[in-house]
Amino acid sequence: MSVPLIQQWESEQDRLRQQLLDVDSEDWQTRPDFSGLERVGGVDLSFIKGDDVNACAQLVVLSYPQLEVLYEDSQMVALTAPYVPGFLAFRETPFLLEALERLKKKQPSLLPQVVFVDGNGLFHYREFGLACHLGVLSGLPCVGVAKNLLQVQGVAKDEQHQSQINALQKGGDSFPLVTTSGKVLGKALRSSDESKKPIYVSVGHMISLDTAVRLTHSCCRYRVPEPIRQADCRSREYLRIRFPAADT
DNA sequence: GCGACAG
DNA sequence: ATCTTGTCGC
């Protein structure tokens, strides 16, 4: 990747980070049962096997706490930016924002009160991952959920990390992801009693880490929070039907 | 040179 | 992200 572009992206992350809010700013967030929360969103992008340009951008809105799909939007898009570790937002955010705009225009009453994002938030090399990026640009509370650990600022998947994972007894148990400087950038969460491998939760925007973890756990029927899982399943289904086997 | 590398 | 079957257990 060209160095100038990376530097431009870095400064853009620095600029947007100044607008990030990492505290609970909504009333429902501080209530024990999240009463007042009625709609949770999920976004994701799915690709066709040998094509890293064309993808299906997906937005779903589920009811809370029932977690039933209220809204679904699948849209084929052509990505322009390449995937560069640490800069995922520049590749995906534009299309996720477009999906939110379509919803706002067609059915504003269904806008989600919080959006689950497939990727990290503050748990990021420069503390500004995809979930933060989408949060700041959309003005919506966002939670970052990564399925794999990103090795950030001293946080590594060593035997120490593995033993902490083994110590997670049941769904809801978690441990902090602490930086070399002692800063907590996220938490590893055992999302259900059945799943051994944790998910990595971090603040995206307009929510505190503890609330993000508690909310995430309350949205998990399986390992991945339902909003993200539905967005993933439905975008794949969309591609499966529209772009069948590319064999002979 | 070696290992890491969200999606 | 995607490439991919079976297997074990409730």
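In what follows, every chain begins at residue 1, and chains take the letters A, B, ... in the order their sequences are listed. On a predicted model such as this, the values are computed, not experimentally measured, just so you know. Side chains are part of it too, since the values below use all heavy atoms of this structure and drop only hydrogens, waters and symmetry mates.
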*Asks:* Please tell me whether A/S218 and A/Y64 have a donor and an acceptor in their side chains that are separated by less than 3.5 angstrom.
*Replies:* yes
*Asks:* Between A/R234 and A/E237, does any side-chain N to carboxylate O distance fall below 4.0 Å?
*Replies:* no
*Asks:* For the pair made of OH in A/Y238 and C1' in C/dT2, what is the distance, rounded to whole Å?
*Replies:* 19 Å
*Asks:* Would you say A/V84 and A/L5 make side-chain contact, with heavy atoms under 4.5 Å?
*Replies:* no
*Asks:* For the CG atom on A/N54, are there more than 12 heavy atoms of other groups (residues, nucleotides or ligands in this structure) within a distance under 6.0 Å?
*Replies:* yes
*Asks:* Any chance you could measure A/C220, atom SG, to A/E194, atom CD, to the nearest 0.5 Å?
*Replies:* 11.0 Å
*Asks:* Check this for me: does any side-chain nitrogen of one of A/R229 and A/D232 sit under 4.0 Å from a carboxylate oxygen of the other?
*Replies:* no
*Asks:* Using atom C1' in both nucleotides, what's the gap between B/dC5 and C/dT2 to the nearest angstrom?
*Replies:* 16 Å
*Asks:* Spell out protein contact along nucleotides 2-7 of chain B as letters: B when the base is contacted, S when just the sugar-phosphate is, - when no protein heavy atom is under 4.0 Å; keep the 5' to 3' order.
*Replies:* --SBBB
*Asks:* Just the atom pairs and distances: protein N or O near nucleotides 3-5 of chain C's N or O, under 3.5 Å.
*Replies:*
none

*Asks:* Ignoring hydrogens and geometry beyond distance, is a side-chain donor-acceptor pair present between A/Q153 and A/T180 at under 3.5 Å?
*Replies:* no
*Asks:* Should A/C142 and A/L130 count as side-chain neighbours, where that means a heavy-atom distance under 4.5 Å?
*Replies:* no
